[in-house]
Amino acid sequence: MASLPSVAVSGNIKLDQDFRKHPTSFISSEKSGIANVSYQKSQTIVNSDGSSEPRSLDFREALVMIREGSKVESSYYVPLLQECIDRNSASDAQVVHGHIIKTGSHQDLFVTTFLVNVYAKCRIMENARKVFDKLSRRNVVSWTALMSGYVHNSRPELSIRVFLEMLEAGAYPTNYTLGIVLNASSTLYSIELGKQLHAYSIKYQIDFDTSIGNSLCSLYSKCGNLESAFKAFKKIKEKNVISWTSAISACGDNGDASKGLAFFTEMLSEGIEPNEYTLTSALSLCCTMLSLGAGIQIHSLVIKLGYELNLPVRNAIMYLYLKCGMVNEARKLFNGMEAMSLITWNAMIAGHAQIIDLAEDDLSAYQSGTEALNIFLKLNRSGVKPDLFTFSSILTVCSSMVALEQGEQVHAQSIKSGFLSDIVVATALVNMYNKCGSIEKASKVFIEMSTRTLISWTSMIAGFAQHGRTQQALQLFEDMRIAGVRPNQVTFVSVLSACSHAGMVNEALGYFESMKKDYRIKPVMDHYACLIDMFVRLGRLDEAFGLVKKMDFEPNEFIWSTLVAGCRTHGNLDRGFYAAERLLKLKPKDTETYVMLLNMYISVERWKDVSRVRKMMKEEKLGKLEEWSWITIKDKVHSFKPNDKSHPQSEDVQKYVESLTDQVKSLGYKAVESLELTDEDAETTLFSSTSFHSEKLAIAFGLLNTPNAAPIRVIKNISMCRDCHNFVKFISLLTSREIIIRDSKCLHKFVNGKCSCGDFGALL
DNA sequence: CTAGGGTTAG
């Protein structure tokens, strides 16, 4: 939730008297004097021969007349000004304004009030305020126009100030006025103010009024109170499209997407036609649910109702297709757009960022990441200025891609544009540096943040935990508590994982208990996963398996794979086989698990089991384990596969790996000896020391193409094998380089022959 | 009343 701006909205609002005296002022606009004004679009034109005739004027003709100083009936100003609004032409409005003053029509309250409205809509609030201040008389409509202007120009706090001024001046709010203040309170997330206004609306029995009810519904939704939002919605006597849309988007804001779609269906069956707002809200619900089927149905409804050219609707459809993995459909929409908003770009980048995480295979994840970086480049070249949404999304992409160089460029750009002051952008930046292994830069950004949210703290604690800096992680956790920020479930996962890395059993169990007792946070599977991991690392397998039995959850794939790797490391193969077979039941198509299992059977030469596992793999139609790595150097991504000669430097790179291997052998590196394997097994098990695993190639390439002390950053699609893990430790010792490898399960930071994962991250 | 953003581990 955004923090409240420091605006004086304090003190109770005294509405009582006004409402008691004039309760009807809420519902009737008679007093405003507007209802009786009828305006006309035809003018009496005086021809050159002196005869006169009434006829319609078009906008340009009328403007010309006004520029020439001809007289115009004051009732004609309003349609003319309306036209200025429609054309969003502040300059035309100023011409008309000048004419109004010259002809003395500024004495006309109706016309002048409309001018306030015009300037507000044309986003020149200074002029709106000036016109308002010069009014000799003010009625509720002029006050309301000004308030509404501030709300629409993102100054809700000023709108509330005007509301207070209005009450002081003794004017009576209408239901429309109250609706605007309610909207302002919801923009400010001021539930207190909202509740006061709600109370008054109940007192004067207008809480069932449509526009009040709509505003109340969205106010409660924005402040996170879905129940009250529903109550407000149900109370509305005559529900219109806006009421339904408010209820639907309330569900979206509060994470109950399926309920929102139920509302949408109900609305359709009530015979109410959705508008562009309803459609975008409903599409966004499909998006969170990743419900492509429902989304396609709504898409056809969009076409039927003629909204397919509406930009927000198109953006929502594009984002839906993108998130559901229909990249080509999304791209077609993207390329076919004549008008594009920044949101279109942002949706495209954010969508690709999400695919990276959702992707089943690493190749498409990698392609999405590259595509997102390309779109960002195009956006920059197109001259459109990125905003805070763009920065946070692209930083997430850089994190997933371990693209430190791009990340640093974005960092610089966000400083220049002033968006680094945004908490979300800064947090995304902290996270980017963490994920790229630059813990120093991450903490520098973190320290320089002026305010931090729970997520910022958690991200930094997680960073320290990942880098094996347990003390700093725990210290930061204390700092956070002292700062009065309440940790959540996610924070505790990071804290427990920090303890687990350092083997601090007592501390971990202490935090676990404190989480349950002091913070009333229910442990989830992830917390147990950390504890299990801790016992596994220490070789306390009994306790690890004990926890598996004790917890209320069926262990997930991650817990089983932790157990497999741990049992293997600690030589408890029987338990390892058991865990691996359980893992295979959960993920029968996971080649990595089969390879782990195969390697275990081979190491104890249980050849019967080896052929049984091979048979299982054939039945599942699983082939060789595809493994590859990539490294980003100067905005260019270089990817490597073993035995792949497609890279222009592949020959040099291979030779360099061979020479490195010789050099580290003299430091004590021993390649894993090949067992008596068939060719087939040797290929599948990744044991063969003669083959070049992709991370070795990528690292060699990095060493050849970066300056001497530069860290090397590599990303790998599957877990590292032990041989390579050992090899890279020696390389970091040999070359005195920092080598960071992010594989599919773990961040490895190799410094001086040691790895931050404590050697527990090499699963294969 | 609408579309786009940041956190965890194994």
Side-chain angles (χ1 to χ4, degrees), chain A residues 183 211 214-215 217-218 221 240-250 252 274-284 287 307 310-320 322 341-351 353-354 387-396 399 419 422-432 434 453-463 465-466 487-498 500-501 524-534 536 555-566 719 744-747 760-761 763:
Chain A
N183 290 342
S211 70
N214 295 348
S215 301
C217 179
S218 56
S221 150
N240 62 10
V241 208
I242 299 180
S243 322
W244 285 96
T245 309
S246 306
I248 291 167
S249 54
N275 62 15
E276 69 213 88
Y277 291 92
T278 329
L279 291 167
T280 29
S281 293
L283 283 165
S284 126
C287 212
Y307 285 110
N310 176 285
L311 188 56
V313 173
R314 275 185 86 113
N315 284 340
I317 294 173
M318 186 190 81
Y319 193 54
L320 169 80
L322 194 53
S341 61
L342 180 56
I343 291 185
T344 318
W345 289 99
N346 287 351
M348 207 62 185
I349 293 171
Q354 310 238 356
D387 68 358
L388 62 175
F389 287 90
T390 328
F391 284 124
S392 44
S393 296
I394 198 65
L395 284 169
T396 312
S399 314
F419 285 120
D422 182 78
I423 300 180
V424 177
V425 172
T427 304
L429 194 60
V430 169
N431 193 41
M432 186 277 292
N434 277 335
T453 62
L454 167 66
I455 297 184
S456 332
W457 287 97
T458 304
S459 184
M460 197 60 229
I461 293 171
Q466 264 194 340
N488 70 359
Q489 195 202 82
V490 178
T491 320
F492 275 105
V493 174
S494 298
V495 170
L496 291 179
S497 118
S500 145
H501 279 258
V524 293
M525 179 110 65
D526 300 339
H527 299 121
Y528 285 103
C530 290
L531 295 179
I532 291 169
D533 177 57
M534 173 178 72
V536 164
N556 62 12
E557 51 184 283
F558 300 114
I559 291 184
W560 286 125
S561 79
T562 306
L563 288 167
V564 176
S719 296
S744 58
K745 295 227 167 66
C746 185
L747 177 94
F760 282 87
L763 296 181

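All chains are named by letter (A, B, ...) in the order of the sequence lines, taking the proteins before the strands, and each is independently numbered beginning at 1. Since we're looking at a predicted model, the values are computed, not measured. The figures that follow rest on heavy atoms only: side chains count, while hydrogens, waters and symmetry mates do not.
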Chemist: Whole-Å distance between B:dG5 P and A:Phe419 CZ?
Modeler: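 Rounding to the nearest Å, CZ of A:Phe419 and P of B:dG5 are 16 Å apart.
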Chemist: Do any N or O atoms from the side chain of A:Thr280 and from the backbone of A:Glu276 form a donor-acceptor pair under 3.5 angstrom?
Modeler: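 Side chain of A:Thr280 to backbone of A:Glu276, a donor-acceptor pair under 3.5 Å: yes, one is there.
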Chemist: Does A:Asn214 reach the main-chain N or O of A:Cys217 with its side chain, forming a donor-acceptor pair under 3.5 Å?
Modeler: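 No.
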Chemist: Looking at the base of B:dG6, is there any donor atom on it, or on the side chain of A:Asp422, that sits under 3.5 Å from an acceptor on the other one?
Modeler: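 Answer no: no donor N or O sits under 3.5 Å from an acceptor.
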Chemist: Is there a donor and acceptor pair closer than 3.5 Å between the side chain of A:Ser341 and the base of B:dG4?
Modeler: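 Side chain to base: no pair present.
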Chemist: For A:Asn214, report the nucleic acid contact type (base, sugar-phosphate, nothing); a contact means any heavy atom under 4.0 Å.
Modeler: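 The residue A:Asn214 makes no contact with any strand.
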Chemist: Heavy atoms from C-beta onward define the side chain here; which of B:dG6, B:dC1, B:dG4 lies closest to that of A:Ala350?
Modeler: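 For A:Ala350, the side-chain atoms sit closest to B:dG4.
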Chemist: Which nucleotide wins on minimum distance to the side chain of A:Ala462, given the candidates B:dG5, B:dC1, B:dA9?
Modeler: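 So the side chain of A:Ala462 is nearest to B:dA9.
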Chemist: Using a heavy-atom cut-off of 4.0 Å across all strands, would you classify A:Gln466 as base, sugar-phosphate, or nothing?
Modeler: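 Sugar-phosphate: the residue A:Gln466, judged by heavy atoms under 4.0 Å, touches backbone atoms but no base.
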Chemist: What is the distance from CZ of A:Phe492 to P of B:dG10, rounded to the nearest Å?
Modeler: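 Whole-Å distance recorded here is 17 Å.
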Chemist: Looking only at side-chain atoms of A:Val425, point me to the closest of B:dA9, B:dT7, B:dG5.
Modeler: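 So the nucleotide nearest the side chain must be B:dG5.
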Chemist: With a 4.0 Å cut-off on heavy atoms, is A:Asn310 in touch with a base, just the backbone sugar-phosphate, or nothing at all?
Modeler: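 Answer is nothing: A:Asn310 stays at 4.0 Å or more from every strand.
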Chemist: Which nucleotide sits closest to the side chain of A:Ser284: B:dG5, B:dG4, B:dT7?
Modeler: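 Nearest to the side-chain atoms of A:Ser284, counting from C-beta on, is B:dG4.
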Chemist: Round to the nearest Å and state the distance from A:Arg314 atom CZ to B:dG4 atom P.
Modeler: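 Whole-Å distance recorded here is 17 Å.
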Chemist: Kindly point out which of B:dC1, B:dG5, B:dT8 is positioned nearest to the side chain of A:Val424?
Modeler: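 Given the options B:dC1, B:dG5, B:dT8, the side chain of A:Val424 is closest to B:dG5.
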Chemist: Measure the CZ-CG distance between A:Phe389 and A:Asn346 for me, rounded to the nearest 0.5 Å.
Modeler: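 Reported to 0.5 Å precision, the distance equals 8.0 Å.
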Chemist: Are any of A:His501's side-chain N or O atoms less than 4.0 Å away from OP1 or OP2 of B:dT8?
Modeler: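 Answer no for this pair, as no side-chain N or O of A:His501 is under 4.0 Å from OP1 or OP2.
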Chemist: Which part of the nucleic acid, if any, lies within contact of A:Ile559, taking any heavy atom under 4.0 Å across all strands shown: a base, the sugar-phosphate backbone alone, or nothing?
Modeler: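 Result for A:Ile559 = nothing.
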Chemist: With the side chain of A:Asp387 defined as its heavy atoms from C-beta on, choose the nearest nucleotide among B:dG4, B:dG6, B:dG5.
Modeler: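 Looking only at heavy atoms from C-beta outward on A:Asp387, the closest nucleotide is B:dG4.
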Chemist: Roughly how many Å is it from CG in A:Leu279 to P in B:dT2, rounded to a whole number?
Modeler: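 Between P of B:dT2 and CG of A:Leu279: 13 Å.
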Chemist: With rounding to the nearest 0.5 angstrom, report the CD1 to NE2 distance, A:Ile532 to A:His527.
Modeler: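 One finds 13.0 Å between CD1 of A:Ile532 and NE2 of A:His527.
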Chemist: Check this one for me: any side-chain N or O of A:Asn556 less than 4.0 Å away from OP1 or OP2 of B:dA9?
Modeler: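 Looking at the OP1 and OP2 atoms of B:dA9, neither is under 4.0 Å from any side-chain N or O of A:Asn556.
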Chemist: At 4.0 Å (heavy atoms only), tell me whether A:Ser561 reaches a base, stays on the sugar-phosphate, or touches nothing.
Modeler: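 No contact.
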Chemist: Using the side-chain heavy atoms of A:Ile455, tell me which of these nucleotides is nearest: B:dG4, B:dG5, B:dT7.
Modeler: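 Nearest to the side-chain atoms of A:Ile455, counting from C-beta on, is B:dT7.
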Chemist: What is the nucleic acid contact for A:Val241, judged by heavy atoms within less than 4.0 Å: base, sugar-phosphate only, or nothing?
Modeler: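 Touches nothing.
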Chemist: Which of these nucleotides, B:dG4, B:dT2, B:dG5, is closest to any side-chain atom of A:Leu388?
Modeler: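 Output: B:dG5.
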Chemist: A:Thr396 near the nucleic acid: base, sugar-phosphate alone, or nothing, with a heavy-atom cut-off under 4.0 Å?
Modeler: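 Sugar-phosphate: the residue A:Thr396, judged by heavy atoms under 4.0 Å, touches backbone atoms but no base.
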Chemist: Could you check which of B:dG4, B:dA3, B:dT8 has an atom nearest any side-chain atom of A:Asn315?
Modeler: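 Of the options given, the side chain of A:Asn315 lies nearest B:dA3.
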Chemist: In terms of side-chain heavy atoms of A:Tyr277, which of B:dG6, B:dT2, B:dA3 is nearest?
Modeler: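 Nearest to the side-chain atoms of A:Tyr277, counting from C-beta on, is B:dT2.
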Chemist: Can you tell me how far the OG atom of A:Ser393 sits from the CD atom of A:Gln354, to the nearest 0.5 Å?
Modeler: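 Atom-to-atom, A:Ser393:OG and A:Gln354:CD are 8.0 Å apart.
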Chemist: Separation of A:Asn488 atom CG from B:dA9 atom C1', in whole Å?
Modeler: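 About 14 Å, once rounded to whole Å.
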Chemist: Quickly work out the A:Lys745 NZ to B:dG10 P distance and round it to whole Å.
Modeler: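 About 11 Å, once rounded to whole Å.
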Chemist: Any side-chain to backbone donor/acceptor pair from A:Ser459 onto A:Ile455? Under 3.5 Å, distance only.
Modeler: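 Checking the backbone N and O of A:Ile455 against the side chain of A:Ser459, no donor-acceptor pair under 3.5 Å is found.
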Chemist: With centres under 5.5 Å and planes under 30° as the test, does A:Phe389 stack with B:dG5?
Modeler: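 No; by the centre-distance and plane-angle rule, A:Phe389 does not count as stacking on B:dG5.
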Chemist: Grab the CD1-C1' distance between A:Ile461 and B:dA9 for me, whole Å please.
Modeler: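 After rounding, the gap between these two atoms is 14 Å.
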Chemist: Within the pair A:Gln354 and B:dG5, is there a side-chain N or O less than 4.0 Å away from OP1 or OP2?
Modeler: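 The answer is yes; a side-chain N or O of A:Gln354 sits under 4.0 Å from OP1 or OP2.
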Chemist: Looking at A:Asn431, I'd like to know whether one of its side-chain N or O atoms comes within less than 4.0 Å of OP1 or OP2 on B:dG6.
Modeler: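 So the side-chain polar atoms of A:Asn431 never come under 4.0 Å of the phosphate oxygens OP1 or OP2 of B:dG6.
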Chemist: Considering every strand and a 4.0 Å limit on heavy-atom distances, what is the contact class for A:Thr453: base, sugar-phosphate, or nothing?
Modeler: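 Base, at least one base heavy atom under 4.0 Å.
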Chemist: Hey, is the side chain of A:Tyr319 poking within less than 4.0 Å of OP1 or OP2 on B:dG5, counting only N and O atoms?
Modeler: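 Affirmative; the distance criterion is met.
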Chemist: A:Asn275 CG to B:dC1 P: how many Å, rounded?
Modeler: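 It is 12 Å, rounded to the nearest whole Å.
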Chemist: Which atom pair, heavy atoms only, marks the closest approach of A:Ser719 to A:Lys745?
Modeler: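 Closest pair (atom of A:Ser719, atom of A:Lys745, distance): OG-CG, 3.7 Å.
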Chemist: Do A:Ser341 and A:Thr344 have side-chain heavy atoms sitting under 4.5 Å apart?
Modeler: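 When only atoms from C-beta onward are counted, A:Thr344 and A:Ser341 do touch, with a gap below 4.5 Å.
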Chemist: With a 4.0 Å cut-off on heavy atoms, is A:Asn434 in touch with a base, just the backbone sugar-phosphate, or nothing at all?
Modeler: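 Counting heavy atoms under 4.0 Å across all strands, no contact is made by A:Asn434.
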